[in-house]
Amino acid sequence: MLKIDNLRAEIDGKEILKGLSLEVNAGEVHAIMGPNGAGKSTLGYVLGGRPGYEPTGGSVTFGGEDLLEMAAHERAAAGLFLGFQYPVEIPGISNVQFLREALNSQRRARGEAPLSGGEFLKLARAQADALGMDQEMLKRPVNVGFSGGEKKRNEMVQMGIIGPKLAILDETDSGLDIDALKAVGEGINRIMRAPDKAVLLITHYQRLLDYVQPDFVHVLEAGRITRTGGPELAHELEAQGYGAVAA
């Protein structure tokens, strides 16, 4: 599904990714762990097409297509979803407006008919219920006045409505209490655990992986993946730290 080969990328002229290679197949969950400044979020932003994060070498294919040649909206329409560590607030636009337009713009790009208002509301309410989110929050401006946990639940509702093929989730566990962490983990499993979908989880800590068990755990340091293992590697990192395990 996703193949990254010797990817190099920079921000403001500073190289952050220094030859990163990774392959993610359909049906798999991969966790990327590493210390601050290793390039974890940069990887997510480069894959998502965020301006300012410039690939300078290597290649990335998604579903056999050159991902780096696609605009950000084309990547989304192709089935890529990027979840942010700090979801942004969008005053003046309700969740319902934002999500219906996002979904229907992707459907149009794929040659599919847009959902009617009634069809969309049925889908949105089902996803909100599944995440334990009050449906009244669908009427509120996107993330405005939401707590950290509410923003992350809202992001999972967005992911459930969009239905991506590949979810890249950047520190989704950041700022979550125990109940919210469990709800978000269950949401990821419900939405993305399928033979035709895949997940790339970017995280500092093992705790989210108690709920979303990865098939592979990768250690990213200084812009490269330095070690790969199974779920047990996350426990080693938690117990011993990056220096001891990645060396």
Side-chain angles (χ1 to χ4, degrees), residues 1-11 15-48 53 55-68 75 79-83 85 164-174 181 184-185 188-189 191-247:
M1 179 180 285
L2 178 73
K3 185 174 182 179
I4 305 171
D5 184 24
N6 198 32
L7 179 63
R8 310 182 81 91
E10 64 180 31
I11 306 169
E15 188 173 54
I16 305 297
L17 301 183
K18 303 175 182 179
L20 187 151
S21 296
L22 176 67
E23 189 163 354
V24 179
N25 297 310
E28 295 178 347
V29 173
H30 291 244
I32 301 284
M33 303 182 73
N36 288 327
K40 300 186 303 299
S41 292
T42 296
L43 173 61
Y45 292 151
V46 169
L47 295 177
Y53 290 75
T56 56
S59 63
V60 182
T61 57
F62 178 50
E65 301 293 326
D66 187 344
L67 185 75
L68 300 180
R75 302 180 195 199
L80 188 147
F81 178 91
L82 178 61
Q85 181 179 0
K165 296 177 182 176
L166 173 66
I168 301 168
L169 304 176
D170 185 13
E171 297 196 38
T172 295
D173 52 346
S174 178
L181 180 66
V184 166
I188 295 170
N189 287 328
I191 298 164
M192 297 302 301
R193 274 291 193 182
D196 59 342
K197 296 178 181 290
V199 180
L200 190 61
L201 284 175
I202 298 170
T203 182
H204 278 297
Y205 305 109
Q206 190 273 332
R207 60 180 193 160
L208 178 60
L209 307 185
D210 286 337
Y211 299 100
V212 185
Q213 187 173 64
D215 299 291
F216 301 94
V217 175
H218 310 278
V219 179
L220 198 163
E221 288 194 303
R224 297 185 180 91
I225 290 176
T226 58
R227 185 173 171 186
T228 293
E232 70 283 350
L233 179 54
H235 291 278
E236 291 182 49
L237 291 166
E238 192 82 3
Q240 302 179 34
Y242 294 109
V245 172

Checklist entry - Of all residues at least two apart in sequence or in a different chain, which pass the ring-ring contact (aromatic ring centres under 6.0 Å, His included) check with Phe81? => result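 Applying ring-ring contact (aromatic ring centres under 6.0 Å, His included) to Phe81 gives none.
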
Item to check | Partner residues of Tyr53 under the ring-ring contact (aromatic ring centres under 6.0 Å, His included) criterion, sequence neighbours left out | outcome: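 For Tyr53 the ring-ring contact (aromatic ring centres under 6.0 Å, His included) partners, ignoring immediate neighbours, are Tyr45.
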
Between [atom1] on residue [X] and [atom2] on residue [Y], distance to nearest 0.5 Å:
| X | Y | atom1 | atom2 | answer |
| --- | --- | --- | --- | --- |
| Thr226 | Glu221 | OG1 | CD | 4.5 Å |
| Leu200 | Leu47 | CG | CG | 7.0 Å |
| Leu201 | Lys40 | CG | NZ | 13.0 Å |
| Ile16 | Thr42 | CD1 | OG1 | 5.5 Å |
| Leu17 | Leu220 | CG | CG | 7.0 Å |

Checklist entry - Distance-only, no hydrogens or angles: does the Glu232 side chain make a donor-acceptor pair with backbone N or O of Gly230 under 3.5 Å? => result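 Side chain of Glu232 to backbone of Gly230: a pair is present.
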
Next on the checklist: Would the distance check show the side chain of Arg224 and the main-chain N or O of Lys18 forming a donor-acceptor pair, the cut-off being under 3.5 Å?
Outcome noted: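 Such a contact is found between Arg224 side chain and Lys18 backbone.
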
Item to check | Leu43 vs Leu20, side-chain contact (heavy atoms from CB on, under 4.5 Å): CA-CA, chis, key distance, verdict | outcome: CA-CA 9 Å; Leu43 173 61; Leu20 187 151; 4.3 Å; yes

Next on the checklist: Between Arg75 and Glu65, is the salt bridge (charged side-chain N to carboxylate O under 4.0 Å, His left out) condition met? List the steps.
Outcome noted: CA-CA 10 Å; Arg75 302 180 195 199; Glu65 301 293 326; over 6 Å; no

Checklist entry - Would you say the side chain of Leu7 lies within less than 4.5 Å of the side chain of Leu68, judging by non-hydrogen atoms? => result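 In contact.
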
Next on the checklist: I want to check something: taking the side chain as every heavy atom from C-beta on, are Ile188 and Leu169 in contact at a cut-off of under 4.5 Å?
Outcome noted: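 Answer yes - side chains close enough.
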
Checklist entry - Does the pair Asp66 and Lys3 meet the rule for a salt bridge (charged side-chain N to carboxylate O under 4.0 Å, His left out), with working shown? => result CA-CA 10 Å; Asp66 187 344; Lys3 185 174 182 179; over 6 Å; no

Checklist entry - Any idea which heavy atoms bring Pro164 and Met192 closest together, and the distance? => result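 Smallest heavy-atom distance, with atoms named: O-CE, 3.7 Å.
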
Checklist entry - Which heavy atom of Leu233 sits nearest a heavy atom of Val217, and at what distance? => result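 Smallest interatomic distance, heavy atoms only, reads CD2-O, 3.4 Å.
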
Checklist entry - Can you name the residues that form a side chain to side chain contact (heavy atoms under 4.5 Å, CB included) with Leu166, not counting sequence neighbours? => result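 Met1, Leu2, Phe62, Leu80, Ile168, Ala198.
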
Checklist entry - Residues two or more places apart in sequence or in another chain: which of them pass side chain to side chain contact (heavy atoms under 4.5 Å, CB included) with Ser21? => result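 For Ser21 the side chain to side chain contact (heavy atoms under 4.5 Å, CB included) partners, ignoring immediate neighbours, are Asp5, Asn6.
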
Donor-acceptor contacts, no H, no angles, side chain residues 207-214, under 3.5 Å, sequence neighbours left out:
residue, atom, partner, partner atom, Å
Arg207, NH2, Asp173, O, 2.6
Asp210, OD1, Gln206, NE2, 2.8

Side-chain donor-acceptor pairs under 3.5 Å in residues 23-37, sequence neighbours left out?
residue, atom, partner, partner atom, Å
Asn25, ND2, Glu28, OE2, 3.3
Glu28, OE1, Asn25, N, 2.9
Glu28, OE1, His30, NE2, 2.7
His30, ND1, His218, NE2, 2.8
Asn36, OD1, His204, NE2, 2.9

